[in-house]
Amino acid sequence: MNVDDIVRDALREQAAEQPPATTGFADRVLAVRRRRRTRRITAAAVTVAAVLAVGVAVPLLDSGKKDVRPAGGGIVVEKKIRAHPDQSPPRDEISVGGTTMVGYSVSDTVEESADSAVVQRTYHLLDPKSGKYTKAAEWSWVAVAPGGKTAAVLERNLPASRIGLLDLTTGKVERWIQVDHGVGGLVFSRDGRKLVATTYSQNPDRLVKVEGDPEWSQPRESSRTGYFVLDVASGDGAWTEIKLGKDSVNPVGRSMVNGRQDFSLTDDGRYVWEGRPMEPGYVFYDLSGKKVPVPAGYRYLSWFVEAGRSPDGTLMAGDFAGEKWKTSSYVLDAETGAHTEERGQQLLAWVGNKQLIAWDIGKNDKNEYHNRLVLVTLGSDKEVPLSGFRAGNDGDAARWEPLFAQP
């Protein structure tokens, strides 16, 4: 029996044994998660913001059908499950139910001087022809469009003066979009027709040394300046300045906007939003940059939870729970906030509206960092392993972070 058969049987078993999920309150959070949000929002936030915001999507594999949307959407989804519990980082494609891991990145802190460094990501992207992940070291930032045919990329030195549109099948940049404000982050809209490019005056991944602290930390003030909302087909779009006003600085004078805090679009494309490290955790704008009330269905958004909203918009992936199980997370009703506790240490990506891919530790594992990708089903206490376990602690070199694609 091969891996596909094992996983398929496990999924059938899950579907047949789903008990009602329990409810609880999201007031117990892992201390380490709290520390990451308050004092180490640098490298961790870089990765979180990337996966939360980037609208990556599954490549067209083995279907023989072509995508007709400008940014590569409208794809016919392949349902076959591919898991590799013996591989970490994965060498071969991981996908389930139309959601695919289209790549992963490994971050390293590169010192530039005694008091300056930068978080540098090295990407490995899925080759749709071979089904394997291959190194793409020339890019500092990658966002994959729905449909998986096109990626928006930035070259090594940030902020960048141009955005590349990379054909993932050929590995070649088909077109460059020139910009007159330096770009540090990219996010596709839900339909793949628009691209949000966050602008910075300095590298958003830079780190500094604070007197008396041996560790690298983010600068006291963010260098973020605003955003472009670009039409992917034409490359046209306007830049909107977002000033860091009084509400972006806390009482001790430190910026409440992370060094990297990229903008994203709501699912309907009507509003731009950003996460914030402090409550309520987000700010929403209209396309002209004017602040607006929280749109319907976004009140319970946690910007640092990568999975975000379910495809149908009815559910919201929430923060760590750890009540019913040693490692678990909340899933909330997007409108009412009613929540259930589900398996999964950190929720990463939706598979349809009833399953998610998550990080989780082994059954008897005491090390919270020794985690692997698993498939969880709402209402079930069973998990299906998708990758091997990651080694090392948070922030260690060679710990890989996945990029997921939904159809």
Side-chain angles (χ1 to χ4, degrees), residues 1-12 14 47-48 50-52 54-63 75-107 121-136 142-149 151 168-169 306-308 311 317 343-352 354-362 370-377 382-391 398-407:
M1 180 179 291
N2 60 31
V3 172
D4 287 345
D5 293 329
I6 294 172
V7 175
R8 190 177 297 106
D9 289 345
L11 288 172
R12 292 196 185 102
Q14 280 186 332
T47 304
V48 170
V51 183
L52 172 68
V54 173
V56 295
V58 56
L60 186 60
L61 296 173
D62 304 330
S63 67
I75 184 173
V76 176
V77 177
E78 182 181 333
K79 297 297 184 180
K80 188 173 183 179
I81 298 168
R82 293 185 172 93
H84 300 283
D86 59 334
Q87 298 179 11
S88 179
R91 299 181 298 276
D92 302 297
E93 177 194 345
I94 289 177
S95 61
V96 55
T99 297
T100 296
M101 195 182 97
V102 294
Y104 66 89
S105 64
V106 176
S107 296
R121 283 169 298 279
T122 299
Y123 285 92
H124 295 73
L125 301 178
L126 181 65
D127 179 350
K129 294 180 180 179
S130 66
K132 296 184 178 295
Y133 298 100
T134 59
K135 191 174 183 178
V142 177
V144 182
K149 293 176 64 177
L168 291 174
T169 303
E306 294 94 319
R343 293 299 301 266
Q345 183 184 24
Q346 296 178 44
L347 303 179
L348 302 174
W350 286 91
V351 179
K354 299 297 183 181
Q355 295 179 309
L356 295 108
I357 295 175
W359 286 123
D360 211 351
I361 61 176
H370 189 243
N371 48 19
R372 63 184 173 183
L373 295 179
V374 298
L375 177 67
V376 299
T377 299
K382 296 189 177 184
E383 297 180 337
V384 177
L386 301 176
S387 78
F389 288 97
R390 294 192 300 178
R399 278 179 68 82
W400 53 279
E401 297 289 345
L403 292 176
F404 287 104
Q406 290 177 328

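Note that the numbering runs from 1 along the sequence shown for the chain.
Rounding to the nearest 0.5 Å places CD of E383 at 7.5 Å from CZ of R372. For the atom pair NE2 (H84) and CZ (R91), the distance works out to 9.0 Å, reported to the nearest 0.5 Å. The structure places CD of E93 at 10.5 Å from CG of D127, a figure rounded to the nearest 0.5 Å. In this structure, E306 CD and L403 CG are separated by 10.5 Å, a value rounded to the nearest 0.5 Å.
In terms of the salt bridge (charged side-chain N to carboxylate O under 4.0 Å, His left out) criterion, residue partners of R390 (sequence neighbours excluded) are, by chain and number, E401. Legend: residues meeting ring-ring contact (aromatic ring centres under 6.0 Å, His included) with W350, ordered by chain and number and at least two apart, are absent. Every salt bridge (charged side-chain N to carboxylate O under 4.0 Å, His left out) that D92 has, sequence neighbours left out, goes to K132. Applying the side chain to side chain contact (heavy atoms under 4.5 Å, CB included) rule to A349 yields the partners T99, F404; only residues at least two apart in sequence or on another chain are considered. The salt bridge (charged side-chain N to carboxylate O under 4.0 Å, His left out) test applied to K354 returns no partner, not counting sequence neighbours.
Here the shortest heavy-atom pairing between P407 and G98 reads CD-O, 3.3 Å. In this structure, G344 and V376 approach most closely via the heavy-atom pair N-CG1, 4.3 Å. L168 and P128 make their closest contact through O-CD, 3.6 Å (heavy atoms, listed as atom of the first residue, atom of the second, distance). Taking both residues in full, the closest heavy atoms of S95 and T100 are given as CB-OG1, 3.2 Å, listed atom of the first, atom of the second, then distance. The heavy-atom pair separating V102 from Y133 by the smallest distance is C-CE2, 4.0 Å. When all heavy atoms of P385 and P85 are compared, the closest pair comes out as O-CG, 3.8 Å.
The aromatic rings of Y104 and W400 lie perpendicular to each other, with more than 60° between the two planes, well past the 30° mark.
Between K382 and T377 the shortest side-chain heavy-atom distance does not fall below 4.5 Å. Using a 4.5 Å heavy-atom cutoff, the side chains of S387 and I94 are in contact. In this structure the side chain of L375 never reaches within 4.5 angstrom of the side chain of I81, judged on heavy atoms. Side-chain contact check for L126 versus M101: every heavy-atom pair is 4.5 Å or farther apart. With contacts defined as side-chain heavy-atom distances shorter than 4.5 Å, the pair T169/K129 qualifies. Here the side chains of Q406 and P311 are in contact, with some heavy-atom distance below 4.5 Å.
Checked by atom type and distance alone, the side chain of R399 pairs as donor or acceptor with a backbone atom of A391 at under 3.5 Å. The closest donor-acceptor contact from the side chain of S88 to the backbone of F389 lies under 3.5 Å.
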Trace of the side chain to side chain contact (heavy atoms under 4.5 Å, CB included) decision for D360 with N371
CA-CA 5 Å; D360 211 351; N371 48 19; 5.7 Å; no
